[in-house]
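The structure appears below as structure tokens.
We count ligands from 1, going down the list as the structure has it; atoms in each ligand are counted the same way. Note that the structure is a prediction, hence the values are computed from the model and not measured. As a basis for the values below, the full set of heavy atoms in this structure was taken, side chains included, without hydrogen atoms, waters or symmetry mates.
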Amino acid sequence: MIMAVSKEKQNGILALMRECGDIILSAHAVETQSGAITVKPGEANFVTVYDVRVQEILIGGLRALFPDAYFYAEEKDNSAAAPAEGLCFFIDPIDGTTNFIHNMQCSAVSVGLYENGVPVFGAVYDPYRGEMYHAARGKGAYLNGDPISVSSRPLEKALISVGTAPYNRAHADQTFQRMCRVFLRCADLRRCGSAALDICWVACGRTDAYFEDVLSPWDYAAGALILKEAGGEVTTYAGQPHKPGEKASILCSNKVLHQTVLELINE
Ligand code: 2AM
Ligand code: CA
């Protein structure tokens, strides 16, 4: 059985995320701070002391609210598979770490909660814009407390954001060919560098679709629920639902243009 997350607990999660947002805003000239950045294995894969600190605060605070939950978080050892039963948080302390290092002011805190493999709550906080997106299963999606919904723009009028999967450069040709095919049919492309924000911008109708190769579950877990609750659609490039806790190449959209963009992606 799936239990609703109480309003009180939801507010507790959002308050913690705002606190983490303040830490992100307090960071200055991260690139020049000695020892602040570590390169993780793989390409374009960075972590800063801020990612680690925000994650510690989130996990500590969430554990107090949900003592039985399991935590699956970006800056943590995730070698064990996420549990299929019980409560499981998917956490990205700073989604858009490269933007954060460059002071691009386009990063977010992302917290998704699954119960028995079903997404039940998701929130994404953009501290730079002071924008909190959240959704609880079956209860709609909200931006700073106001309901949001996807656009109805057709492909030729659509603004579509893309990810270049910089940590996956062996696929660059394929990635850029997909982008080119879509670009030739839509109004324009955008590339913001934070998957969580990309998905939320589709949810609130600023953009109309977003796709990227091989995202990790903490990149999209919260955003995917927010988008579905806002009336949008999320599938893998194969047109299937993504599996909880697994890496996935995903297309998020306003639904209207989902099938056509999927065909362009797979052409
Ligand atoms: P991050 O900033 O939290 O690392 C950029 O293309 C998007 O992909 C960002 O949301 C980024 O999240 C995410 N990303 C970066 N490195 C990744 C990796 N190795 N695997 C999956 N997603 C990654
Ligand atoms: Ca991150």
Legend entry - ligand 1 contact on P166 by region, counting heavy-atom pairs under 4.0 Å: side chain
Inset, instruction - Could you list the atoms of ligand 1 found under 4.0 angstrom from a heavy atom of I94? - result: 3 (O)
Inset, instruction - Would you mind telling me if ligand 1 is within reach of the side chain of D198, the backbone, both or neither, using heavy atoms under 4.0 Å? - result: neither
Inset, instruction - Select the closest option to atom 1 (P) of ligand 1 among P217, S216, G96, judged by heavy-atom distance. - result: G96
Inset, instruction - Would you confirm whether S253, through its side chain, and L257, through its main-chain N or O, come within 3.5 Å as a donor-acceptor pair? - result: no
Legend entry - Positive for side-chain contact (heavy atoms from CB on, under 4.5 Å) with V109, one of D92, L16, L58: L58
Inset, instruction - Output yes when a side-chain donor or acceptor of S216 lies under 3.5 Å from a complementary backbone atom of D219, and no otherwise. - result: no
Inset, instruction - Assess K9 against F66: is NZ or CZ under 6.0 Å from the centre of the six-membered ring, and within 45 degrees of the ring's axis? - result: yes
Inset, instruction - Any atoms of ligand 1 less than 4.0 Å from a non-hydrogen atom of G193? List them with their elements. - result: 5 (C), 9 (C)
Inset, instruction - Spell out, as yes or no, whether a donor-acceptor pair under 3.5 Å connects the side chain of D126 to the backbone of R129. - result: yes
Inset, instruction - Using distance alone, decide if ligand 1 has a nitrogen or oxygen within less than 3.5 Å of any nitrogen or oxygen in S194. - result: no
Legend entry - Sub-4.0 Å atoms of ligand 1 with respect to non-hydrogen atoms of D92: 3 (O)
Inset, instruction - Would you mind running through ligand 1 and noting each atom that sits below 4.0 Å from a heavy atom of E212? - result: 5 (C), 6 (O), 7 (C), 8 (O)
Inset, instruction - Could you confirm whether P93 has any N/O/S atom lying under 3.0 Å from the Ca ion (ligand 2)? - result: no
Legend entry - Salt bridge flag under 4.0 Å for residues R178 and D213: yes
Inset, instruction - Check each atom of ligand 1 against the heavy atoms of R191 and keep those under 4.0 Å away; list them by number with element. - result: 5 (C), 6 (O)
Legend entry - Whether K76 side chain and F71 backbone form a donor-acceptor pair below 3.5 Å: yes
Inset, instruction - Verify whether one side chain among T97 and D51 offers a donor that lies under 3.5 Å from an acceptor in the other. - result: yes
Inset, instruction - Indicate the ring-plane relationship of F121 and H134, choosing parallel, tilted or perpendicular according to the 30° and 60° boundaries. - result: tilted
Inset, instruction - If you have a sec, read the angle at the Ca ion (ligand 2) from D92 atom OD1 over to E74 atom OE1, to 10 degrees. - result: 80°
Legend entry - 4.0 Å heavy-atom contact, G163 with ligand 1: no
Inset, instruction - Of the side chain and backbone of D95, name the one, both, or neither that has a heavy atom under 4.0 Å from an atom of ligand 1. - result: both
Inset, instruction - Decide, yes or no, whether a salt bridge links E267 with R185 under the criterion of side-chain N to carboxylate O below 4.0 Å. - result: no
Inset, instruction - Just let me know how V214 lines up against ligand 1, side chain, backbone, both or neither, with a heavy-atom cut-off below 4.0 Å. - result: backbone
Inset, instruction - Any atoms of ligand 1 less than 4.0 Å from a non-hydrogen atom of A195? List them with their elements. - result: 9 (C), 10 (O)
